[in-house]
Amino acid sequence: MPELPEVETVRRGLERFVVGRVISAVEVCHPRAIRRHLPGAADFTASLLGRRVVAARRRGKYLWLPLDSGDAVIAHLGMSGQFLVLDPAEPDGPHLRVRFSFSDDGPQLRFIDQRTFGGLALSPGGAELPQEIAHIAPDVLEDAFDDTRFHEALRRRRTGLKRALLDQTLVSGVGNIYADEGLWLAKLHYARATETMRRPESQRLLDGVRAVMQSALTQGGTSFDSLYVNVNGESGYFERSLEVYGRRGEPCSRCGTLIRRESFMNRSSFFCPTCQRRPRNPHW
DNA sequence: CCTCATTCCTGCGGGC
DNA sequence: TGCCCGCAGGAATGAG
């Protein structure tokens, strides 16, 4: 599942292999992939033909490619989205959704997405910051992220801590996996009421989320070669470095207590019941 | 305005 | 062996 580190790795790949090139053809193989582009596939394609990609940007889990027209292609990888840079002779896989060809006849950019939660759209005039994603907050690795303001916003919420972490309008880039990992590092329970958070606890949480993301980014950034922009969730981080996610029944590396899994928000939460004490007044 | 459940989708794995 | 069902989850959406 691509979260911030994986998406940043993809952004770097796009910067390296796509920026500067002129789009010569666009093929929408599956209409669902551009469902958020309401004018439809023909409009999407027409807006891109002959345009040069001038940058590759990211906010949270959203990517966008500013074009020389001032528009931008917005991309979200969803659960299983990938961008692959492949020679035109390479056969199409079963989940190819959109294909971009370039005027240099070099490698194509292919958007591939098995579970189709991801998608692309054209943002008119969105080169600087697409208005479609203006509601997405800065992420914890950006200079623009203000720890104090995050803490204050957290205390104004009336919800559980993990729910707040997953709210992209409060902090972006955090998904289920890094939320669980960050909470474990900070020794905080997922159902902790946000309004009771104290400043040092908020700081531990931010530091924890930053630590796991930085670590994943370091590992993920090394795993793509010249024709593979990488990735869905497989940054190599998964198998080696996760402390709680997916580890139900395994001992906590800090205290030995067995990791528990609880169902929460229609998904799983993994935590150490000793290190991450359930609060007296949990917020569901 | 705020919070939260629901919804989209497909491959995989477990149970029978 | 094969079928069915649950599970995985980001974020838009609408209900309350």
Side-chain angles (χ1 to χ4, degrees), chain A residues 1-8 10-11 28-38 58-64 74-83 93-98 111-121 123 130-139 152-183 190-197 209 213 216 231-235 237-239 242 244-249 260-271 281-284:
Chain A
M1 280 54 74
E3 300 184 27
L4 186 152
E6 292 76 24
V7 178
E8 173 61 17
V10 172
R11 190 201 66 78
V28 177
C29 307
H30 195 306
R32 185 172 153 78
I34 59 154
R35 65 192 179 282
R36 289 179 63 189
H37 186 71
L38 301 181
R58 179 187 60 76
R59 173 172 276 195
K61 301 175 216 175
Y62 277 95
L63 293 162
W64 74 98
I74 305 173
H76 197 291
L77 302 177
M79 300 285 298
S80 55
Q82 291 176 287
F83 275 117
H95 306 302
L96 175 64
R97 307 307 184 195
V98 181
F111 180 68
I112 291 146
D113 189 12
Q114 175 202 114
R115 286 150 85 175
T116 73
F117 275 35
L120 310 181
S123 176
Q131 57 90 10
E132 293 88 344
I133 61 175
H135 63 289
I136 302 293
D139 66 66
E152 290 164 355
L154 204 54
R155 285 189 56 94
R156 285 194 293 269
R157 292 297 180 99
R158 296 293 179 268
T159 190
L161 190 52
K162 181 169 173 179
R163 218 184 266 279
L165 263 186
L166 295 176
D167 183 342
Q168 305 297 302
T169 67
L170 196 55
V171 51
S172 69
V174 184
N176 201 40
I177 296 168
Y178 293 108
D180 280 2
E181 294 296 308
L183 288 165
Y190 67 82
R192 173 68 178 274
T194 50
E195 66 266 34
T196 68
M197 287 290 285
V209 171
M213 285 187 169
V231 283
N232 44 37
E234 280 110 341
S235 63
Y237 188 65
F238 275 47
E239 304 301 326
L242 296 180
V244 285
Y245 185 84
R247 296 193 172 278
R248 169 170 52 173
R260 286 183 55 182
R261 172 192 175 276
E262 288 182 4
S263 193
F264 171 71
M265 287 174 72
N266 288 330
R267 64 201 62 195
S268 293
S269 277
F270 297 92
F271 65 102
N281 298 301
H283 197 306
W284 307 103

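Residue numbering restarts at 1 for every chain, and letters A, B, ... go by the order of the sequence lines.
A/D167 places its CG atom 14 Å from the C1' atom of B/dC1, with the value rounded to the nearest Å. Look at CG on A/D113: it is 16 Å from P on C/dG9, rounded to the nearest Å. For the pair A/L77 CG and C/dA11 P, the computed distance is 10 Å after rounding to whole Å. Rounded to an integer number of Å, the gap from CZ of A/F264 to C1' of B/dT3 is 12 Å. Taking atom CG of residue A/D180 and atom P of nucleotide C/dG10, one finds them 10 Å apart after rounding to whole Å. When the P atom of B/dC2 is taken as reference, atom CD of A/E195 falls 15 Å away, rounded to whole Å. One interatomic measurement links the two molecules: CG of A/L4 to P of C/dG9, which rounds to 18 Å at whole-angstrom precision.
Between A/E152 and A/R155, none of the side-chain N atoms (NZ, or NE/NH1/NH2) sits under 4.0 Å from a carboxylate O, so this pair counts as no salt bridge. A salt bridge is absent between A/K61 and A/D139: the closest approach of a Lys/Arg side-chain nitrogen to an acidic carboxylate oxygen does not fall below 4.0 angstrom.
Of the residues A/E132, A/Q131, A/H37, the one that meets the side-chain hydrogen bond (donor to acceptor under 3.5 Å, both in side chains) test with A/S123 is A/E132. Here the options are A/R248, A/R261, A/E262, the test is side-chain hydrogen bond (donor to acceptor under 3.5 Å, both in side chains), and the partner is A/S268; only A/R261 passes.
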Between N or O atoms, less than 3.5 Å apart, protein on one side and nucleotides 12-16 of chain C on the other: list the pairs.
unit_1	atom_1	unit_2	atom_2	d
C/dA12	OP1	A/Y62	OH	2.5
C/dA12	OP2	A/H135	NE2	3.3

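A/L166 places a side-chain heavy atom less than 4.5 Å from the side chain of A/M265. With a 4.5 Å cut-off on side-chain heavy atoms, A/L77 and A/E6 do not count as touching.
For C/dA11, one of the phosphate oxygens OP1 or OP2 lies less than 4.0 angstrom from a side-chain nitrogen or oxygen of A/H76.
Atoms CG and CZ, from A/D180 and A/R247 in turn, are 12.5 Å apart once rounded to the nearest 0.5 Å. Remark: A/Y190 OH to A/L165 CG distance equals 14.0 Å, nearest 0.5 Å.
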The contact string for nucleotides 4-13 of chain B, one letter per nucleotide 5' to 3', using protein heavy atoms under 4.0 Å with B, S and - for base, sugar-phosphate only and none, comes out as SSB-BBBS--
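Here the shortest heavy-atom pairing between A/A164 and A/T194 reads CB-CG2, 3.8 Å.
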